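Since this is a predicted model, take the numbers as computed values, not measurements. As a basis for the values below, the full set of heavy atoms in this structure was taken, side chains included, without hydrogen atoms, waters or symmetry mates.
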Amino acid sequence: MAPRAYWKGTLKLSLVSCPVVLYPATTAAEKTRFHMINRETGNRLKQQMVDSETGDVVESDQKGRGYELRKGKYVEIEPEELEAVQIESNHTIDIESFVPSDEIDQRYLNHPYYIAPDGKAAIDAFAVIRDAMKDQDRVALAKIVLTNREHIIAIEPLGKGLLGTTLRFPYELRDEDQFFDDIKSPKITKDMVELAGHILHTKAAHFDPTKFTDEYETALKALVKRKASGKTIELPEREERPSNVVSLMDALKQSLKGRGGKKTAAKSHARRATGRQRSAKKTHRSTARQRKAG
């Protein structure tokens, strides 16, 4: 059974438009979740809002929203005041521009949605927009209102449908310079870089998410199953981390062992040695010819 549509509206490209529906592309339904319970009764606990100063429980009709101007000082915002600044949704995804996909910084990518035509009458126009994007190898940028907030959404072809990904605004990203400015630039030898390159080569692969395994989730499910069946849970002993410190070059060399990298490294060093030998022989022949000519 298909999930319920998250949003319904119209996808518009200039004068071409078609009804579409959005579905969340991700789900957390399969993740193991825990509830807070009363150890004595086994009943689930219910959260309550408590005044931070008096400790009194605050009833729902006394709850409000406030923006903190300074420590402990709030300005209260009324619900109708919030409604006054909310953007009214016209339920239209109006494509404003098309950009090369490689120009979109991945840090801006936020939530993905599947976009599908809404009804048989929408299929032709939907296919025209989708296939035009495939031919141009471009990503559409548009505006959409979701939960009373305006978002920029990037739209690209995905199989028979479209993938729409909401983008973060620039103010939501931290400047990388705050974190990278203090990183020093040490002098790394060419041999170290080459050895690291060999390690990368031995681990070369293609992106295949089916090989991803959530080991913690698997362990959680096994824990719950064992506990529910009345079995005792044996706590594993914590392994001590090795304290021995090896040099960076030694670590690189050891990383190559057992991964087929040793032969590759040996061949590479052999090629460099052979090249040096050939160069020496050429120099020797050239010197001999000069002596003979003299």
Side-chain angles (χ1 to χ4, degrees), residues 1-12 19-94 96 107-116 118-119 141-155 163-175 178 214 216-217 220-221 223-225 227-228:
M1 183 177 177
R4 186 178 176 183
Y6 178 74
W7 183 94
K8 286 190 175 187
T10 303
L11 176 64
K12 189 176 179 183
V20 294
V21 288
L22 262 69
Y23 301 98
T26 61
T27 177
E30 297 300 317
K31 282 189 175 291
T32 301
R33 294 179 179 275
F34 296 99
H35 296 288
M36 299 299 293
I37 62 171
N38 185 335
R39 287 179 179 272
E40 292 184 4
T41 64
N43 298 330
R44 184 175 171 180
L45 299 180
K46 187 169 61 175
Q47 289 185 327
Q48 290 182 312
M49 303 297 283
V50 178
D51 189 298
S52 61
E53 295 295 327
T54 66
D56 297 334
V57 174
V58 179
E59 301 300 331
S60 58
D61 60 343
Q62 295 298 317
K63 295 175 186 176
R65 293 175 183 269
Y67 180 83
E68 190 171 25
L69 298 174
R70 55 184 182 273
K71 189 67 176 177
K73 180 65 176 178
Y74 297 87
V75 56
E76 187 176 350
I77 305 296
E78 299 295 339
E80 55 270 20
E81 293 171 332
L82 278 177
E83 289 177 8
V85 298
Q86 284 178 354
I87 298 173
E88 185 178 349
S89 174
N90 58 6
H91 287 273
T92 301
I93 305 174
D94 198 351
E96 297 183 346
R107 292 175 297 176
Y108 284 89
L109 301 178
N110 200 359
H111 297 296
Y113 296 90
Y114 294 137
I115 304 176
D118 189 11
L141 295 182
K143 287 183 178 180
I144 185 173
V145 177
L146 299 172
T147 59
N148 299 320
R149 276 188 174 269
E150 189 175 61
H151 301 268
I152 304 298
I153 188 168
I155 305 169
L163 175 67
T165 307
T166 54
L167 303 180
R168 296 181 176 92
F169 288 99
Y171 70 83
E172 295 180 272
L173 288 185
R174 290 174 172 170
D175 185 0
Q178 325 175 39
D214 189 341
Y216 182 66
E217 180 66 24
L220 280 179
K221 282 183 167 59
L223 169 65
V224 171
K225 188 176 180 180
K227 198 70 185 290

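Side chains of Leu69 and Tyr74 form no contact here, defined as non-hydrogen atoms less than 4.5 Å apart. Considering only heavy atoms from C-beta on, Ile93 comes within 4.5 Å of Ile155 through its side chain. A heavy-atom distance below 4.5 Å is not found between the side chains of Trp7 and Val21.
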Quiz prompt | Steps toward side chain to side chain contact (heavy atoms under 4.5 Å, CB included) verdict (Glu96, Leu141) | solution = CA-CA 6 Å; Glu96 297 183 346; Leu141 295 182; 5.7 Å; no
Self-check item: Evaluation steps, side chain to side chain contact (heavy atoms under 4.5 Å, CB included), between Val20 and Thr10
Solution: CA-CA 6 Å; Val20 294; Thr10 303; over 6 Å; no
Exercise. Please step through side chain to side chain contact (heavy atoms under 4.5 Å, CB included) for the pair Lys143 and Asp94, ending with a clear verdict.
Key: CA-CA 6 Å; Lys143 287 183 178 180; Asp94 198 351; over 6 Å; no
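Summarising the geometry, atom NE2 belonging to His151 is positioned 8.0 Å from atom NE2 belonging to His111; distances are rounded to the nearest 0.5 Å. For the atom pair Met36 CE and Lys46 NZ, the distance stands at 16.0 Å (nearest 0.5 Å). To the nearest 0.5 Å, the span separating NZ on Lys221 from NZ on Lys31 amounts to 8.5 Å. Atom CG of Leu11 and atom CD1 of Ile153 lie 9.5 Å apart (nearest 0.5 Å). For the atom pair Asn43 CG and Asn38 CG, the distance stands at 6.5 Å (nearest 0.5 Å). Lys8 NZ to Leu22 CG: the interatomic distance, rounded to the nearest 0.5 Å, is 12.0 Å.
Side-chain atoms of Asp214 come within 3.5 Å of backbone N or O of Glu217 as a donor-acceptor pair. Between the Glu76 side chain and the Gly64 main chain, no donor and acceptor come within less than 3.5 Å of each other. Looking only at distances, no side-chain donor or acceptor of Arg65 sits under 3.5 Å from a matching main-chain atom of Glu78. Formation of a donor-acceptor pair under 3.5 Å by the Gln62 side chain with backbone atoms of Glu59 is not found in this model.
For Leu109, the side-chain contact (heavy atoms from CB on, under 4.5 Å) partners at least two apart in sequence or on another chain are Ile104, Gln106, Thr165, Leu167. For Tyr6, the ring pair (Phe, Tyr, Trp, His ring centres under 6.0 Å) partners two or more places apart in sequence, or in a different chain, are Tyr113.
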